[in-house]
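The next block holds one structure in the form of structure tokens; read it before the comments.
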Number of protein chains: 2
Amino acid sequence: MDEDKVFKALADPSRRRLLDLLFEQNGQSLGQLCEHLDMARQSATQHLEILEAANLVSSIKQGRVRLHYINPVPIHEVYERWVRKFERERLSLLHELKTQLEGE
Amino acid sequence: MDEDKVFKALADPSRRRLLDLLFEQNGQSLGQLCEHLDMARQSATQHLEILEAANLVSSIKQGRVRLHYINPVPIHEVYERWVRKFERERLSLLHELKTQLEGE
DNA sequence: TTGACATGCAGGCATATACCTGCACAATAG
DNA sequence: CTATTGTGCAGGTATATGCCTGCATGTCAA
């Protein structure tokens, strides 16, 4: 997994919206997705390409439509590799910060 | 929490590195952090400002140094609000995708 | 006070990003 | 076949981003 691509892909609200839309209904075409997206079709295409490059979305051409499927695995990996360690220390760090502040 | 600021703050590798450094040792000064960062001090300052705006880092001026403290709460909130629902459906979606692909 | 050190602030530059228009191609319906 | 529909591809532009230099400010030690 390319961690950086995943984070950069998630950095844009339009792309998070696309993932939300695919989460609501998996396997949508470009046209379907655009109906919810107040932007030109070509812009949505570029966003979907970025999501695909990050392996967050897979697409399959079926006849003349291209269907898009969400892939939650990279998000899970980001959580595993990156969020969890912070989570683990969350309360103790908060306590530490509080102590430091009180020591001013 | 401003979800977009958190995602955008996390999108840059230098900023993730800063969070890693603060995770290793909390309460470091700008100078200390720069020693690990192959960039000008002013660039690091800008990254830290973005992290502060996202509430991922808090800083306190203590004499002539400014100390920086990590705040894992927004990361946790991103996980709660955004990652968890994908996590919840992860296996079932994978199964669904597999089924669709086999149907080609 | 004065020199040294850590940081703050202003601005400038190159690249990346997000958006668009215009045209081309492929598949299906009639 | 032909028109329609859905998508692919090539660019062009405005803004955002990340990096820098130069100078100003503030704090501590001697």
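All chains are named by letter (A, B, ...) in the order of the sequence lines, taking the proteins before the strands, and each is independently numbered beginning at 1.
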Taking for each residue the nucleotide of DNA chain D bearing the nearest heavy atom, is the 5' side occupied by L30(A) or by K8(A)? L30(A)
Of A44(A) and G63(A), the one whose nearest nucleotide on DNA chain C sits closer to the 5' end is A44(A)
Test item: side-chain donor near acceptor, E52(B) and S58(B), under 3.5 Å: no
For the pair made of CG in D4(B) and C1' in dA18(C), what is the distance, rounded to whole Å? 13 Å
Taking N and O atoms by type only, does the side chain of E49(B) place a donor or acceptor under 3.5 Å from a partner on the base of dG8(C)? no
On DNA chain D, does the nearest nucleotide to S14(B) precede the nearest nucleotide to Q32(A) from the 5' side, or the other way round? Give the residue. Q32(A)
On the side chain of R64(A), is there an atom forming a donor-acceptor pair with the base of dA27(C) - under 3.5 Å, no angle test? yes
Between atom NZ in K61(B) and atom C1' in dC9(C), what is the gap in whole Å? 12 Å
Without decimals, in angstroms, what is the distance between L37(B) CG and dA6(C) P? 16 Å
Examine the base of dC19(D) for any acceptor or donor lying under 3.5 Å from a partner atom in the side chain of Q46(B), and report the outcome as yes or no. yes
Counting only side-chain heavy atoms from C-beta out, which of dT7(D), dG18(D), dG8(C) sits nearest to T45(B)? dG8(C)
Within the modelled atom types, does a donor on one side and an acceptor on the other bring the side chain of R66(B) and the base of dT7(C) under 3.5 Å apart? no
As a test of reading the structure: which of dT7(C), dC20(D), dT21(C) is closest to the side chain of Q42(A), going by heavy atoms? dT21(C)
How many angstroms lie between atom CD of Q28(B) and atom OG of S59(B), to the nearest 0.5 angstrom? 13.5 Å
Is there a donor and acceptor pair closer than 3.5 Å between the side chain of R41(B) and the base of dG8(C)? yes
Ignoring backbone atoms, establish whether S43(B) has a side-chain N or O less than 4.0 Å from OP1 or OP2 of dC20(D). yes
Could you check how far CD of E35(A) sits from C1' of dT7(D), rounded to whole Å? 15 Å
Whole-Å gap separating C1' (dT7(D)) and CD1 (I60(A)): 16 Å
For atom NZ of K5(A) and atom P of dT17(C), their distance in whole Å: 11 Å
Which of the following nucleotides, dC19(D), dA18(C), dA6(C), is nearest to the side chain of H47(A)? dA18(C)
Under 3.5 Å, side chain of N71(A) to main-chain N/O of N55(A), donor-acceptor pair present? yes
Would you say V57(A) and Y69(A) make side-chain contact, with heavy atoms under 4.5 Å? no
Quick check: any donor-acceptor pair below 3.5 Å linking the side-chain of R15(B) to the base of dG18(D)? no
Distance, rounded to the nearest Å, where L48(B) contributes CG and dT17(D) contributes P: 17 Å
Report the distance from atom CE of M39(A) to atom P of dT13(D), rounded to the nearest whole Å. 21 Å
Check ion pair R16(A)-D12(A) (N to O, under 4.0 angstrom): no
Would you say the side chain of L18(A) lies within less than 4.5 Å of the side chain of L48(A), judging by non-hydrogen atoms? yes
